[in-house]
Amino acid sequence: GYAQGFDVYEQTWLDEGTTELERTETITQFGETYLESSDDERPFFLWLHYVNPHTPYDPSEEALAHFRGDGVIPRGPELERVTGYHGGVNKKHVAVDGEDHWGDYVDRYDAEILIADEHVGRVLRAVEASEHAGTTLVVLTSDHGESLGEHGYYFDHGFDLFNPSLRI
């Protein structure tokens, strides 16, 4: 029922066979196209729901290159592959063989933040270039944080009430 009340609605997270990066691009292009083509002077509500950063962390190699091996985040402990989200990396979210350390996943997480930031920037530039530039209110929020090993909980959310998941 998410489409209720919207004149135009496009849902990307159920698209089978598409990657999170492809969905992110689709969302950004939707926003840019809407802003470029809208010449209606009436107020409007445009909601773009990005999911990144989110497991499985699968950023582009270009984005990952900004963080991998930069010396800022230590590789840290090698993480076990586990069934749940406590004590190691969930088997379903193992990134790449050989990237088994905590820092490898934090680098991937940071790369996804970079990608999300770039896409939000594109939409903000589209707002500035549109006829709505001086009359648009932009609200940016998040639905949850992500645990990066705090309390032995790795790379997910939803099964605890610790600050990494609650504070956004």
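Values below: every heavy atom of this structure, side chains too, minus hydrogens, waters and symmetry copies. Source: prediction; values computed, not measured.
Note: T28 OG1 to R23 CZ = 14.0 Å, rounded to the nearest 0.5 Å. Here the CD-CD1 distance, from E20 to I115, works out to 10.5 Å after rounding to the nearest 0.5 Å.
Ring-plane geometry between F30 and Y34 is classed as parallel, the angle between the planes falling under 30 degrees on a 0 to 90 degree scale with a further cut at 60. Ring pair F162/H151 is parallel by interplanar angle, where below 30° counts as parallel and above 60° as perpendicular.
Of the possible polar contacts, none joining the S147 side chain to the E150 backbone as a donor-acceptor pair under 3.5 Å is found. Panel note: side chain R81, backbone V89; no donor-acceptor pair is recorded below 3.5 Å. Remark: the backbone N or O of L148 is paired with a side-chain donor or acceptor of W102 at under 3.5 angstrom.
We find that E128 and R125 are not joined by a salt bridge, their nearest charged nitrogen and carboxylate oxygen being 4.0 Å or further apart.
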Ignoring hydrogens and angles, write down the donor-acceptor pairs under 3.5 Å from the side chains of residues 103-113, residues two or more places apart or on other chains.
from, atom 1, to, atom 2, distance (Å)
D104, OD1, R75, NE, 3.3
D104, OD2, R75, NH2, 3.0
D104, OD2, D100, N, 3.3
D104, OD2, H101, N, 3.1
Y105, OH, A95, N, 2.9
R108, NE, Y57, O, 3.1
R108, NH1, E99, OE1, 3.0
E112, OE1, H54, N, 3.1
E112, OE2, D58, N, 2.7

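Counting side-chain heavy-atom gaps under 4.5 Å among Ile, Leu, Val, Met, Phe, Trp and Tyr, the cluster of V139 also holds L137.
For T83 against N90, the heavy-atom pair with the smallest separation is O-ND2, 2.9 Å. Nearest heavy-atom pair across D156 and S165 is O-OG, 4.2 Å. Across all their heavy atoms, H93 and Y85 have their closest contact at NE2-OH, 3.3 Å.
By the 4.5 Å heavy-atom criterion applied to side chains, K91 and E80 are not counted as neighbours.
Between H132 and F44, the distance from one ring center to the other falls under 6.0 angstrom.
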